[in-house]
Number of protein chains: 2
Amino acid sequence: MKHSTKRDAICEVLGAKRDHPTADMVYERVREKYPEISLATVYRNLAQLCAEGKIVKIGATGRERYDIDTSNHTHFFCDECGDVYDVFCPLTLNGYKNAENEVGGEITSASITFHGICRQCLAAKK
Amino acid sequence: MKHSTKRDAICEVLGAKRDHPTADMVYERVREKYPEISLATVYRNLAQLCAEGKIVKIGATGRERYDIDTSNHTHFFCDECGDVYDVFCPLTLNGYKNAENEVGGEITSASITFHGICRQCLAAKK
DNA sequence: GCAAAAGCAATAATCGTTATCGTTATTGAT
DNA sequence: ATCAATAACGATAACGATTATTGCTTTTGC
């Protein structure tokens, strides 16, 4: 992979505000610096960075979101505003081995996601 | 909600082979009995049944899958063949409360999904 | 500097899903 | 049984997110 100014800008955007932006959001933010960038370039580079393991795609149905933090952590989706927050506190899943026995195959990963209402939306509701 | 022959057929298909079919798969299977059914009708009824809580949509990025079993259980996605299997063995998640404290909001649900290689694909690899 | 390879913008195309619209089936009251 | 209200229907257009294509432009190793 060659060096690219646009890809740098995309990484910079992902690092600056870690709110797990969508491709569109990344596009809008990069455009502030490079107004000529194309949405296709954003998609292409996001896919490329994912393939390289430099960023991670968060499985959000309908609209994908991207996270530059590839360390092991969980995500909390606010069902009210749609924002995504990180959860770094340690979580343990018991019964994992039984699950593997039940399916008979090999479980390579277990993903946990939280849904609910975030602090701000909770406060706004009162 | 009025009674409908097509909706019955869709439920029947979902009940017959519980392999968590996609809308397309449901469409193909219902067509064996009702060749004139439209894909739109399938989507419409699947959405309706979901809204009624009669079936459940499995969050599979890109292509949704449907499950007539609304009881609490987990899903295992085979990354090789794409099939989805049920996991009924009990799982417990520790650290849940800490997560809620960390985000400050209210966690209403936690979803767990497994990924890996199913029994068949594992056997085929040897 | 120069040529090869990767990157780029613009845009067309694709995919899964949803909305629209004119017609048909189901229902509950007569 | 009839009839009007309304939900459901099929066909298809539209939609939003993403991917592929194409012809041109940077970047890089030499």
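Contact annotation for B/N45: backbone-only contact, meaning every heavy-atom pair under 4.0 Å involves sugar-phosphate atoms and none involves a base.
Checked against C/dA9, D/dT18, C/dT17, the side chain of B/L39 finds its nearest nucleotide in C/dT17.
Sequence neighbours left out, the pairs with a member in residues 83-99 of chain B that pass side-chain hydrogen bond (donor to acceptor under 3.5 Å, both in side chains) are B/H20-B/D86, B/H73-B/D86, B/H75-B/D86, B/K97-B/E100. Within the structure, the side-chain hydrogen bond (donor to acceptor under 3.5 Å, both in side chains) test picks out the following pairs touching residues 113-125 of chain A (sequence neighbours left out): A/D79-A/H115, A/T113-B/S111.
Pairing each heavy atom of A/L91 with each of B/A99, the nearest pair is CD2-CB, 4.5 Å. Nearest heavy atom pair, residue A/I58 against residue A/F77, reads CG2-CZ, 3.5 Å.
Distance, B/D8 CG to D/dC9 C1': 15 Å, rounded to whole Å. Distance CZ (A/R31) to C1' (C/dA10): 13 Å, rounded to an integer number of Å. Rounded to whole Å, atom P of D/dT19 lies 17 Å from atom OH of A/Y27. As rounded to whole Å, 16 Å separates atom C1' of D/dG16 from atom CE of A/M25. A straight line from CD of A/E52 to P of C/dA6 spans 12 Å, rounded to a whole angstrom. Whole-Å rounding puts the A/E36 CD to C/dC8 C1' distance at 10 Å. Look at CD1 on B/I37: it is 16 Å from P on D/dT12, rounded to the nearest Å. Between A/Y34 atom OH and C/dA10 atom P there is a gap of 16 Å when expressed in whole angstrom units.
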Treat primed atoms plus P, OP1 and OP2 as sugar-phosphate and everything else as base, then score nucleotides 20-30 of chain D 5' to 3': B for base contact with protein heavy atoms under 4.0 Å, S for sugar-phosphate contact only, - for none.
B------BS--
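We find that A/D24 and A/R29 are not joined by a salt bridge, their nearest charged nitrogen and carboxylate oxygen being 4.0 Å or further apart.
Contact annotation: B/Y43 reaches the phosphate of C/dT17 (side-chain N/O to OP1 or OP2, under 4.0 Å). At least one side-chain nitrogen or oxygen of A/K6 sits closer than 4.0 Å to the OP1 or OP2 atom of C/dA9. Remark: A/Q48 is in phosphate contact with C/dG7, judged by side-chain N or O atoms under 4.0 Å from OP1 or OP2.
Between the side chains of B/S71 and B/D69, at least one donor N or O lies within less than 3.5 Å of an accepting N or O.
Place A/R65 and B/M1 on DNA chain D by their nearest nucleotides, and B/M1 ends up nearer the 5' end. Comparing B/K57 and A/V42, the nucleotide of DNA chain C nearest to each residue sits closer to the 5' end for A/V42.
Counting heavy atoms of neighbouring residues, nucleotides and ligands inside a 6.0 Å radius, atom CG of B/N101 exceeds 12 of them.
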